[in-house]
Trainee: 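Here's a structure for you.
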Amino acid sequence: MASDNKNENIIWHDGKVSYEDRCQVLNQKGIVVWFTGLSGSGKSTVAVELEHILNEAGRAVYRLDGDNIRCGINSDLGFSDEDRNENIRRISEIAALFQDAGVITLVSFISPFRAMRQFARERAGEGNFIEVYVNTDFETCRQRDPKGLYKKQIQQFTGKDSVYEEPLNPEIILDTVDHTPYECAMQIYERIWGERHE
């Protein structure tokens, strides 16, 4: 995994253990499963279910959730377009490190801008990234409102005052209206395991 740092005094330091070595120890490939969609679409709920399924299957998996990350490393960021981009930039780098460690990394962030989702894909590596579009319409999300955010009339709210750019070619599209979180999680599990880990 190389660095994109432009400072000529900073040089990536390789070790004696390769990505392939780490994958061999874990008996799996590191991948990033990136959930995107509106607030209340079901991203985190499905990611939690998938994490449990993978863990029960004996796989090294870790979940990076948008709200959880904003409680820590991204607690200094607001919700301007610049801060949203920095939020995704940081988590993209973290997810890429987890992927390089051979871990199946589940990332559930609204991530409203296509350019930043593309950045995340590039950091993980094209063959190591699965974009999952949790395609739930605004009205359904508003009715669910699991965090009470829609009722608060927040300014710059994604999907209402702030733009959400739908994925153009996601690897997986989920319907959380007509399918349960477990069914959605199994749809992803069967896709990633059938194609990459048999």
Trainee: Holding to side chain to side chain contact (heavy atoms under 4.5 Å, CB included), I want the full list of residues that pass it with A101, two or more places apart in sequence or in another chain.
Mentor: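 Expected list: V103.
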Trainee: Y164 and S111: which non-hydrogen atoms are nearest, and at how many Å?
Mentor: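 In terms of heavy atoms, the two residues are closest at CE1-O, 4.1 Å.
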Trainee: Can you list everything that forms a side-chain hydrogen bond (donor to acceptor under 3.5 Å, both in side chains) with Q24? Sequence neighbours excluded, please.
Mentor: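 side-chain hydrogen bond (donor to acceptor under 3.5 Å, both in side chains) check on Q24 returns nothing, list empty.
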Trainee: For a quick test of reading the model, state the closest non-hydrogen atom pair linking R114 to E165 and the distance between them.
Mentor: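 Looking at all heavy atoms of both residues, the closest pair is N-OE1, 2.8 Å.
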Trainee: Residues two or more places apart in sequence or in another chain: which of them pass salt bridge (charged side-chain N to carboxylate O under 4.0 Å, His left out) with E139?
Mentor: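 Partners of E139 under the salt bridge (charged side-chain N to carboxylate O under 4.0 Å, His left out) test: R142.
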Trainee: Which residues satisfy the ring-ring contact (aromatic ring centres under 6.0 Å, His included) test with Y182, sequence neighbours excluded?
Mentor: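 Partners of Y182 by the ring-ring contact (aromatic ring centres under 6.0 Å, His included) criterion come out as none, since no residue qualifies.
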Trainee: Who pairs with Q187 by side-chain hydrogen bond (donor to acceptor under 3.5 Å, both in side chains), at least two apart in sequence or on another chain?
Mentor: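 Scan of Q187 (side-chain hydrogen bond (donor to acceptor under 3.5 Å, both in side chains), adjacent residues dropped) gives none.
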Trainee: Return the set of residues passing salt bridge (charged side-chain N to carboxylate O under 4.0 Å, His left out) with E51 (not counting sequence neighbours), or none when no residue passes.
Mentor: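 Per chain and number, E51 pairs via salt bridge (charged side-chain N to carboxylate O under 4.0 Å, His left out) with R63.
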Trainee: Not counting sequence neighbours, which residues clear side-chain hydrogen bond (donor to acceptor under 3.5 Å, both in side chains) with R70? List them please.
Mentor: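 None.
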Trainee: Can you see which heavy atom on Q99 is nearest to which on G30, and at what distance?
Mentor: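 Shortest heavy-atom contact: NE2-O, 3.1 Å.
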Trainee: For residues N87 and F79, determine if any side-chain heavy atom of one lies less than 4.5 Å from a side-chain heavy atom of the other.
Mentor: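 The answer is no; the side chains never approach within 4.5 Å.
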Trainee: With N169, which residues qualify under side-chain hydrogen bond (donor to acceptor under 3.5 Å, both in side chains), at least two apart?
Mentor: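 If we apply the side-chain hydrogen bond (donor to acceptor under 3.5 Å, both in side chains) test to N169, skipping adjacent residues, there are no hits.
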Trainee: Applying salt bridge (charged side-chain N to carboxylate O under 4.0 Å, His left out), can you list everything that pairs with R90, at least two apart in sequence or on another chain?
Mentor: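 So R90 forms a salt bridge (charged side-chain N to carboxylate O under 4.0 Å, His left out) with D76, E86.
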Trainee: Scan residues 35-55 for pairs that pass ring pair (Phe, Tyr, Trp, His ring centres under 6.0 Å), counting only residues two or more places apart or in two chains.
Mentor: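 Residue pairs with at least one partner in residues 35-55: there are none.
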Trainee: Run the salt bridge (charged side-chain N to carboxylate O under 4.0 Å, His left out) test against D178 and tell me which residues pass, sequence neighbours left out.
Mentor: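 If we apply the salt bridge (charged side-chain N to carboxylate O under 4.0 Å, His left out) test to D178, skipping adjacent residues, there are no hits.
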Trainee: If the condition is ring-ring contact (aromatic ring centres under 6.0 Å, His included), which residues does Y133 pass it with, not counting sequence neighbours?
Mentor: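 Here no residue qualifies.
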Trainee: Looking at R22 and D100, does any basic side-chain N land under 4.0 Å from a carboxylate oxygen?
Mentor: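 So R22 pairs with D100 through a salt bridge.
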Trainee: Got a salt bridge between E171 and R121, using NZ or NE/NH1/NH2 to carboxylate O under 4.0 Å?
Mentor: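 Salt bridge: yes.
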